[in-house]
Amino acid sequence: MDILFLIDRVELKYFEFNNLVTNFWIIRELVRKNCSVFITTIDKLGIENERAYAHCYSVFEKLGNILYEHHSQKREIEDFELVMFRNDPPVDLDYINATYIFDFVDRSKTKILNEPRAIRGFNEKLHAMLFPELMPEHIVTASKNDIMDFLNLHNEIVLKPLNRCFGAGVMTLKKGDKNTAVIINSMTNNGTTMVMVQEYLDKAKYGDKRVLFLGDSVLDYCVQKLPSNDDFKFNEHCDSNIIKAVLSNEEKEKFMPVAQKLNSIGLPMAGLDVIDGKIIEINITSPCYFIKEINNYFNIELEKTVTDFILSQVNHKILNNIF
């Protein structure tokens, strides 16, 4: 099976030997299953004669690591049975344009995970509001007055840009802070850019839990991401900031409808960021499965579970085409 991974440009730069990222584990396992894996980035996509193509690099394993041939190949995307669409935010114009490229790919020939059209139509911060009963109190606005009213109501709030990742640009604000006006104006570009505003949850000081989905299923394994030493949130992927966490049966049952909803709209691979049982964000662009950490904490090989699921999606497509 020929498989194409669309990865982030920064990840390509540090691709080899990088077992902190989810793609390392998935790609290596797929190579071990005798799949032909290639990698590309959004700037290497294009359309010629109404056919989508990618300049891509062949991946191989050596001594337990994955490396790639630095001589690129130009291939039509429909040559691949599977594309893993896993570019990181920000979801800017370049990102959106990349999703348009895949509008020219025949889905009967090529399975794409996650579906670019679904990614394009889903904002990781804003669309958490599809499940308002599972979120902390929140608003989305560019209005300084609305944010001030929300701050006065809750005393401490969190402000988030709508299209960034890994905690970039996220700030807390307490009632009475002398920099209140500056922070709000900076976050909203003087009232012109909408942000997600959430009630600050006191248990945020203990970090947030990553709850993982595959299709309709909520995985049993999860980690707790601890705040960095100089920040109120997790923003540094290192061993000391990631600890083992437990997912209760109650939590699994509560989040199952979220997995089912996302899967139904073409987003079978997702991760929730959860504090005190409340969803603060839904990761669907390139969700990190923390495979290295989960394998160590739970003595499993999570990459096998993930790749088996991925390949099952392709086989399901093939069977549907036959029958």
Side-chain angles (χ1 to χ4, degrees), residues 1-9 11-12 15 22-23 25-60 66 68-69 71-88 91 94-122 213-217 262-270 284-287 303-323:
M1 183 183 296
D2 282 7
I3 300 173
L4 178 66
F5 272 71
L6 179 68
I7 65 175
D8 196 73
R9 281 172 279 201
E11 187 178 336
L12 178 64
F15 179 77
T22 296
N23 287 335
W25 296 89
I26 299 176
I27 290 173
R28 192 179 70 171
E29 184 62 23
L30 289 169
V31 170
R32 290 178 174 180
K33 291 179 180 291
N34 297 316
C35 296
S36 296
V37 180
F38 295 77
I39 56 174
T40 192
T41 53
I42 61 174
D43 54 302
K44 302 184 188 304
L45 303 175
I47 297 175
E48 186 174 338
N49 298 321
E50 290 68 59
R51 308 278 290 185
Y53 69 84
H55 293 283
C56 53
Y57 306 96
S58 177
V59 175
F60 61 96
I66 51 171
Y68 69 96
E69 300 286 355
H71 176 73
S72 68
Q73 304 177 33
K74 182 180 178 181
R75 295 187 56 176
E76 290 188 1
I77 293 175
E78 287 178 8
D79 286 346
F80 297 94
E81 286 92 342
L82 169 68
V83 174
M84 297 296 295
F85 193 102
R86 290 184 55 83
N87 193 72
D88 288 340
V91 184
D94 287 339
Y95 197 110
I96 296 298
N97 286 339
T99 69
Y100 291 143
I101 296 292
F102 288 87
D103 287 346
F104 293 83
V105 176
D106 186 344
R107 299 309 194 270
S108 69
K109 297 179 180 179
T110 303
K111 180 72 176 180
I112 310 176
L113 298 175
N114 283 328
E115 169 58 56
R117 294 163 181 157
I119 293 175
R120 188 168 68 220
F122 191 100
F213 297 164
L214 281 176
D216 286 340
S217 299
L262 296 181
N263 191 33
S264 73
I265 61 176
L267 301 170
M269 299 182 68
I284 54 91
T285 50
S286 56
E303 68 274 18
K304 295 183 183 296
T305 300
V306 176
T307 53
D308 285 346
F309 170 81
I310 290 168
L311 294 176
S312 75
Q313 299 298 291
V314 182
N315 292 333
H316 180 73
K317 175 185 72 67
I318 292 172
L319 288 174
N320 284 343
N321 288 344
I322 293 174
F323 298 105

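All figures in this text were calculated on a predicted structure; none of them were measured in a lab.
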Output, in order, the C-alpha distance, side-chain angles, deciding distance and verdict of ring pair (Phe, Tyr, Trp, His ring centres under 6.0 Å) for Phe60 and Tyr68. CA-CA 6 Å; Phe60 61 96; Tyr68 69 96; 8.7 Å; no

For Thr22 against Pro287, the heavy-atom pair lying closest together: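 Heavy-atom minimum between the residues: OG1-O, 3.9 Å.
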
Considering all heavy atoms of both residues, which atom of Phe309 and which atom of Gly215 are nearest to each other, and what is their separation?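 Of all heavy-atom pairs spanning Phe309 and Gly215, the closest is CZ-N, 3.4 Å.
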
Charged N to carboxylate O below 4.0 Å: is that the case for [X] and [Y]?
{"X": "Arg107", "Y": "Glu115", "answer": "yes"}
{"X": "Asp308", "Y": "Lys33", "answer": "yes"}
{"X": "Arg32", "Y": "Glu303", "answer": "no"}
{"X": "Lys109", "Y": "Asp79", "answer": "no"}
{"X": "Arg51", "Y": "Glu78", "answer": "yes"}

So [Y] and [X], do their side chains get closer than 4.5 Å, heavy atoms only?
{"X": "Leu45", "Y": "Leu6", "result": "yes"}
{"X": "Arg117", "Y": "Thr99", "result": "no"}
{"X": "Gln73", "Y": "His55", "result": "no"}
{"X": "Leu4", "Y": "Cys56", "result": "yes"}
{"X": "Asn87", "Y": "Ile7", "result": "no"}

I'd like to know whether Thr285 forms a side chain to side chain contact (heavy atoms under 4.5 Å, CB included) with Asp88, so could you lay out the CA-CA distance, the side-chain angles of the two residues, the decisive distance to 0.1 Å, and finally the verdict. CA-CA 6 Å; Thr285 50; Asp88 288 340; 5.5 Å; no

With side chain to side chain contact (heavy atoms under 4.5 Å, CB included) as the test, would you mind laying out the steps for Lys44 and Arg9 before giving the verdict? CA-CA 10 Å; Lys44 302 184 188 304; Arg9 281 172 279 201; over 6 Å; no

Before you tell me yes or no, could you show the steps for Phe122 and Leu267 under side chain to side chain contact (heavy atoms under 4.5 Å, CB included), namely the whole-Å CA-CA distance, both residues' side-chain angles and the distance that decides it to 0.1 Å? CA-CA 9 Å; Phe122 191 100; Leu267 301 170; 3.9 Å; yes

How many angstroms lie between [atom1] in [X] and [atom2] in [Y], if you round to the nearest 0.5 Å?
{"X": "Ser72", "Y": "Ile39", "atom1": "OG", "atom2": "CD1", "result": "11.0 Å"}
{"X": "Leu311", "Y": "Glu29", "atom1": "CG", "atom2": "CD", "result": "9.0 Å"}
{"X": "Leu82", "Y": "Leu30", "atom1": "CG", "atom2": "CG", "result": "7.5 Å"}
{"X": "Ile96", "Y": "Arg120", "atom1": "CD1", "atom2": "CZ", "result": "7.0 Å"}
{"X": "Asp216", "Y": "Asn263", "atom1": "CG", "atom2": "CG", "result": "4.5 Å"}

Donor-acceptor pair, [X] side chain versus [Y] backbone, under 3.5 Å?
{"X": "Asn114", "Y": "Ile284", "result": "yes"}
{"X": "Thr110", "Y": "Phe80", "result": "yes"}
{"X": "Ser58", "Y": "Glu69", "result": "no"}
{"X": "Glu81", "Y": "Asp2", "result": "yes"}

Determine whether more than 12 heavy atoms belonging to other residues, nucleotides or ligands lie under 6.0 Å from atom CZ of Phe104.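 Open.
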
Given the rule in the side chain to side chain contact (heavy atoms under 4.5 Å, CB included) test, do Ile310 and Met269 qualify, once you have shown the distances and angles that lead to the verdict? CA-CA 9 Å; Ile310 290 168; Met269 299 182 68; 4.1 Å; yes

Which of these passes ring-ring contact (aromatic ring centres under 6.0 Å, His included) with Phe102: Tyr53, Phe85, Tyr95?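 That would be Phe85.
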
Under the side-chain hydrogen bond (donor to acceptor under 3.5 Å, both in side chains) criterion, do Arg86 and Ser286 qualify, and how do the steps go? CA-CA 4 Å; Arg86 290 184 55 83; Ser286 56; 5.3 Å; no

Determine, using ring centers only, whether Phe38 and Phe5 are less than 6.0 Å apart.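 Not close enough - the centres of the two rings lie 6.0 Å or further apart.
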
